[in-house]
Amino acid sequence: MALTITCPICGKRNGYEFRYGGEDKGPRPEEAGLTPEAWCDYVHMNKCVAGVQKEWWFHKDGCGSWFTIHRDTTTNLEVKGPEADK
Amino acid sequence: MFSKQKPMWGEKTQLKSSYDAVIIGGGLHGLATAYYLAKEHGITDVAIIEKNYIGFGGAGRNTAIVRANQRTQYNVPLYNEALKLWPILTKELDYNLMFNNCGNLNLMHSEAAMKAARMTIATAQFHGVESHLIDAKEAKELVPALNISEDITFPIHGAMFHPPGGIVRHDAVVWGLARGANKYGVEIHQQTEATGIKTQNGKVTAVETSRGTINTKQVLISAGGYSAALIYGMLGIKLPISVLTIQAMVTQPLKPLLNHVVSSGAYHCYANQTLKGEVATGAHMDQWPNYTTQNTAHYIKHQAEALSEFLPCLRGVKFMRIWGGLADMTPDMAPIMDGNDHVEGFYMDCGWGYFGFKSCSAVGKYMAQFMAEKECPEILKPFNYRRYEKHQLMGETAALVNYTPDN
């Protein structure tokens, strides 16, 4: 099953050029008033969606950019995210 | 599989509208928990709800290796008990589980790895588990097919030899436990998908299924790689889990050449020869989370390269069959077993990664005790859900180089 990832700079490339960077969890939480539970939620906790999720990738064997894509975890296929239509 | 005939484990029954306990997932952990709930605790009004058929997931896809040479003081006693239960279960269930305690040979390819092995062996010996450090020559004496020359990618420096480990026929465990549990009155409902858990005032009241609502006060999710998605979907509880496809394959049958399980961390490869003569071998997990359970050319090639380097006699041998399963990996390579935390009556048994098979017997016993007594048994306490927010990660990996989905 071929996985391809579209890098915003290099375009569509072989998935093995990239490193998976985790589910998109939004911005890093503010230090002020940060609880161990909230920090743990940001660092470790995942939704493990069987379907489309927004996630981070790093083009390690390429240009070195970090970016997000939407991918269906049941098919390994990249899909257009809701932002694509805006 | 779903024929109109009587299933192999006993009589087919109608799904009732209420049970004392419902178990989501007809895999080995669910079956073993149900078996011990009925046998040890007299809780026989139990339904196992399985979306597909029993043993569809990891239970029937693992490479059947069992061992008790893990790294931490919390894990070793649990796996050791699981290992000791195979001959006992074979008798109790009156089912041939084909336990072949041929021993595990874990190859080390650097002095750093030898040092890590020394510590793992010390832990094992402290807990009364047989495990030895041997050098490359001794490894070669144990498995003459090994290539111990220095001109391979990862030359063999030595090995960790764990004689009590070996192979168990995984399908037989599924069938034996299903029949054993059913004898005590546990019901198994295949092709029944759990779709939700109903709660009221912080307590479990019912499980929603594709065949209607089941009222119950206790529910366990032990659905292997699917657990994390189910727990988040049904109760909104996020888990420190990444779900990755892990691939496996078997070669054509060969004359006996491997009388031990051989594994290598550096090559990401483990192999054993089945009683039919095929070399069953597994690979590393995919590098990104996915539920495909599909094989990739990348790993088939990798597996062929790894095997033909340290077992050069396998060059030219053909893979006969390939498959994939799911590994639900946690950051500390240790499972999560907890209950009555977020919701009273809700239990979870997940995050086993690729260790679910070798642990199922002992875990079934203790999860059953947990559900029957509603108090967490001492041996399971270190595996609680809250350890991540307390920064009490378990340290099953010797040294974390990167925080990736697979650790």
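Each chain gets a letter, A, B and so on, in the order the sequences are listed, and its residues count up from 1. For clarity, every value in this text was computed on a predicted model and none was experimentally measured.
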Atom [atom1] of [X] and atom [atom2] of [Y]: how far apart are they, to the nearest 0.5 Å?
{"X": "A:Tyr20", "Y": "B:Asp286", "atom1": "OH", "atom2": "CG", "answer": "12.5 Å"}
{"X": "A:Cys48", "Y": "B:Lys238", "atom1": "SG", "atom2": "NZ", "answer": "10.5 Å"}
{"X": "A:Asn76", "Y": "B:Thr245", "atom1": "CG", "atom2": "OG1", "answer": "7.5 Å"}
{"X": "A:His44", "Y": "B:Leu239", "atom1": "NE2", "atom2": "CG", "answer": "12.5 Å"}
{"X": "B:Trp288", "Y": "A:Phe18", "atom1": "CH2", "atom2": "CZ", "answer": "10.0 Å"}
{"X": "A:Tyr16", "Y": "B:Gln287", "atom1": "OH", "atom2": "CD", "answer": "6.5 Å"}

- Close side-chain approach of A:Arg71 and B:Pro289, heavy atoms under 4.5 Å: yes

- Message: Within the supplied structure, the quantity of interest is the number of heavy atoms (other residues, nucleotides, ligands) at a distance under 6.0 Å from A:Lys60 NZ; does it exceed 12?
- Response: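 Enclosed.
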
- Item | Greater than 12 external heavy atoms within 6.0 Å of A:Phe67's CZ |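 Result for CZ/A:Phe67: enclosed.
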
- Could you tell me which of A:Glu23, A:Lys47, A:Glu37 has the largest number of non-hydrogen atom pairs under 4.5 Å with chain B? A:Lys47

Given heavy-atom pairs under 4.5 angstrom as the criterion, report whether the side chain, backbone, both or neither of [X] touches chain A.
{"X": "B:Leu326", "value": "neither"}
{"X": "B:Ser242", "value": "both"}
{"X": "B:Tyr291", "value": "both"}

- What about A:Trp39 and B:Tyr388, are their ring centers closer than 6.0 Å?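 No, ring centres 6.0 Å or more apart.
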
- Query: Applying the side-chain contact (heavy atoms from CB on, under 4.5 Å) test to A:Cys40, which of B:Glu389, B:His391, B:Lys390 qualifies?
  - Reply: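 Looking at B:Glu389, B:His391, B:Lys390, the match for A:Cys40 under the side-chain contact (heavy atoms from CB on, under 4.5 Å) is B:Glu389.
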
